[in-house]
There are 2 protein chains.
Amino acid sequence: MTNPTSTEPRRALTLRDVSEASGVSEMTVSRVLRNRGDVSAATRERVLQASRALGYVPNKIAGALASQRVNLVGVIIPSLSNMVFPEVMTGISSVLDNTGLQPVVGVTNYLPDREEAVLYEMLSWRPSGVIIAGLEHTAPARAMMAQAGIPIVEIMDIDGQAIDSAVGISHRRAGRQMAEAIIASGYRRIAFMGTQMPNDFRAKKRLEGFEEALRRNGLALVDREFYDGGSALLKGREMTAAVLRRSPDVDFLYYSNDMIGAGGLLYCLDQGIDVPGKVGLAGFNGVELLDGLPRRLATMDACRLEIGQRAAQIINARNQTADLGPDVVELFPTLQPGDTIRQF
Amino acid sequence: MTNPTSTEPRRALTLRDVSEASGVSEMTVSRVLRNRGDVSAATRERVLQASRALGYVPNKIAGALASQRVNLVGVIIPSLSNMVFPEVMTGISSVLDNTGLQPVVGVTNYLPDREEAVLYEMLSWRPSGVIIAGLEHTAPARAMMAQAGIPIVEIMDIDGQAIDSAVGISHRRAGRQMAEAIIASGYRRIAFMGTQMPNDFRAKKRLEGFEEALRRNGLALVDREFYDGGSALLKGREMTAAVLRRSPDVDFLYYSNDMIGAGGLLYCLDQGIDVPGKVGLAGFNGVELLDGLPRRLATMDACRLEIGQRAAQIINARNQTADLGPDVVELFPTLQPGDTIRQF
DNA sequence: TTGCGCTATGTTACCGCTAACGGGGCCTGC
DNA sequence: GCAGGCCCCGTTAGCGGTAACATAGCGCAA
């Protein structure tokens, strides 16, 4: 264990170790490792060799403190198991990868207090920016973001007041659009199924928009059902069964997400129900999963990839150029009628 | 904008600002905010009030540098869209939440070089531990982890040599077990479908174990098909169609994951194929999704939640108690026959 | 009253790195 | 032949906290 090539170092390596091993000052080592400033090719090579030989890994904590720069971008999302957010992450990464910035993910489980705690923790690392899902936050969370002095991008939703920048779609409008399409296809007795979660504000706004459009057309939801936890696909089956039993005359089933919609679709097909003739179905999100179903569920994509990309672009631009102002970007989802809405 | 209550601070707040606002030393403020050491109730209250009023957020970078302690645990995984890793993350978070440690996720997209880069980046923040998927890493990555002087837990897999600690299942054994169960149920003409990815070592090991068991029973795969990217459910349908066309006499379809297995199952049901009479099916992972399918696919759970929990426990234990040694934990997945393997 | 010990707070010296500046050697032009 | 500039590298002074130690003030027993 006292072997000099042992894998157990007796203490952490610092710039000083590399500088001694290569016979130059710490500053020069620092310059080499960051590719900054002028260093002769010979010295550079010597330093790199020593650094690699020792297995030196720079201490970004010290570096960040000294330079007052942190290449991290906090990303705060409600859930990872949602299928939605991994794709947003992909969009963020695809842009950030070329910028030297790095995303750091925090998960809130749709809990406002947890969001506040995660945000506090993130800000305490002084990131270069924050991307956070939704426009609804606790008052302290809003205050922290407003004070932070870094670009903040609220994503997914634009129905509300952004603290700084925002990228998203109008979920209220999305709900309205879907309702209008459903009504235009001649359906009249419409039921809704969705999550129980009181803090999924976007699902709530979609439902509000949906009901508003129904009202304007002299209609109202015939039935509704909520779920909470468990396998979404299975819950979709169960809720659909319950609704069809309770309200046998419904002719349309609107789901707050594609996963339960897919469950409902599978159930209807199992039962030999004529889709979309007798009953139409629609979900929300445009998840990839749907491509493999026996019939394509009507849905509306939430522009997840692009939301991630645009958000990351805003953070990056603001980091490059001081004095860029806030930027609110509205994206427009397209309705994909699939095979579960009657077409004329 | 020069309004003192403006939300645009002219410069970042430090301990000094809070200490001046509350009339005590920086050290006392530090003690209050960390709940450490003795501070009188009156002073504590005064400090907290000032801190809140200013909207002070401590700078963990400086704190970490001074205390040589970082409450972060790096978690390095290949993908977030896999359904598998979010659940591992849930397990990790559930344990870490009570410890003051915080997970930080890095994604490698199954690329060894990217894994190395992500690891380097993480180690440069001097985390308290690293949880990393798999046992296969580049040589520099292995060296970095061995040198880091922090607990390293390699998860998912135990078929190989761990650098430090490991928690996982034997994928080779899992493949063998599945093959034996299939053979025991009387199936003989078996086909395999899986991902193309050369770096999904665990899928590869499952297949190796599977084929080994076939060989020992005088059998061999009748057909095989690989895919790459796209909707797994859809790919499962397509590959299944292709295999059944090419090899109409197969009586069992073994899938490297549940998602393509589910696609295959839906295809078979669509085609009116007798499952499990004429053709049996099995996947791997035990994803929640399967609960909602018309028939339950045979599978083997990968103990994802428990893997995350045990890994987090190891990191935490090592952080609490110095001189705890490496720990290799093997978990044992159970075969869930579902409705797609003949039962006697 | 004296002195001990405890509690509550302050002081000092870093943690490991980088910004900013300084300066030696060498080349170049006049 | 020497001033001026350029390249390369070193020195200095922090960044914003915290560990460790120092110390003031007080209560209390002898």
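Chain naming here is simple, since letters A, B, ... match the order of the sequence lines and numbering starts at 1 in each. If you're wondering where the values come from, they're calculated on a predicted model, not measured in any experiment.
If you take CG of A:L65 and P of C:dG16, they are 12 Å apart, rounded to a whole angstrom. Taking atom CG of residue A:N71 and atom P of nucleotide C:dT18, one finds them 12 Å apart after rounding to whole Å. Between B:L15 atom CG and C:dG10 atom P there is a gap of 13 Å when expressed in whole angstrom units. With rounding to whole Å, A:R16 atom CZ is found 13 Å from D:dT12 atom P. If you take NZ of B:K60 and P of D:dG17, they are 12 Å apart, rounded to a whole angstrom.
Taking side-chain N and O atoms only, A:Q68 has a distance below 4.0 Å to OP1 or OP2 of D:dG16. For the pair B:Y56 and D:dG16, the criterion of a side-chain N or O lying under 4.0 Å from OP1 or OP2 is not met.
The existence of a salt bridge linking B:R44 and B:D38 is excluded, since no basic side-chain nitrogen approaches an acidic carboxylate oxygen closer than 4.0 Å. Between B:R318 and B:D164 a salt bridge is recorded (basic side-chain N to carboxylate O distance below 4.0 Å).
Across residues 17-48 of chain A, A:M27, A:S30, A:R34 each have a non-hydrogen atom less than 4.0 Å from an atom of DNA chain C (numbered order).
By the neighbour-count criterion of 12 heavy atoms within 6.0 Å, atom CZ of A:R16 is sparsely surrounded, having that number or fewer from other residues, nucleotides or ligands.
No hydrogens or angles considered: a donor-acceptor pair under 3.5 Å links the side chains of B:E115 and B:H137. Neither side chain, B:R142 nor B:T138, offers a donor N or O lying under 3.5 Å from an acceptor on the other.
Counting only heavy atoms from C-beta outward, the side chains of A:Y110 and A:D200 approach each other to under 4.5 Å.
Of the candidate nucleotides C:dA19, C:dC17, D:dG17, C:dA19 has the atom nearest to the side chain of A:R69.
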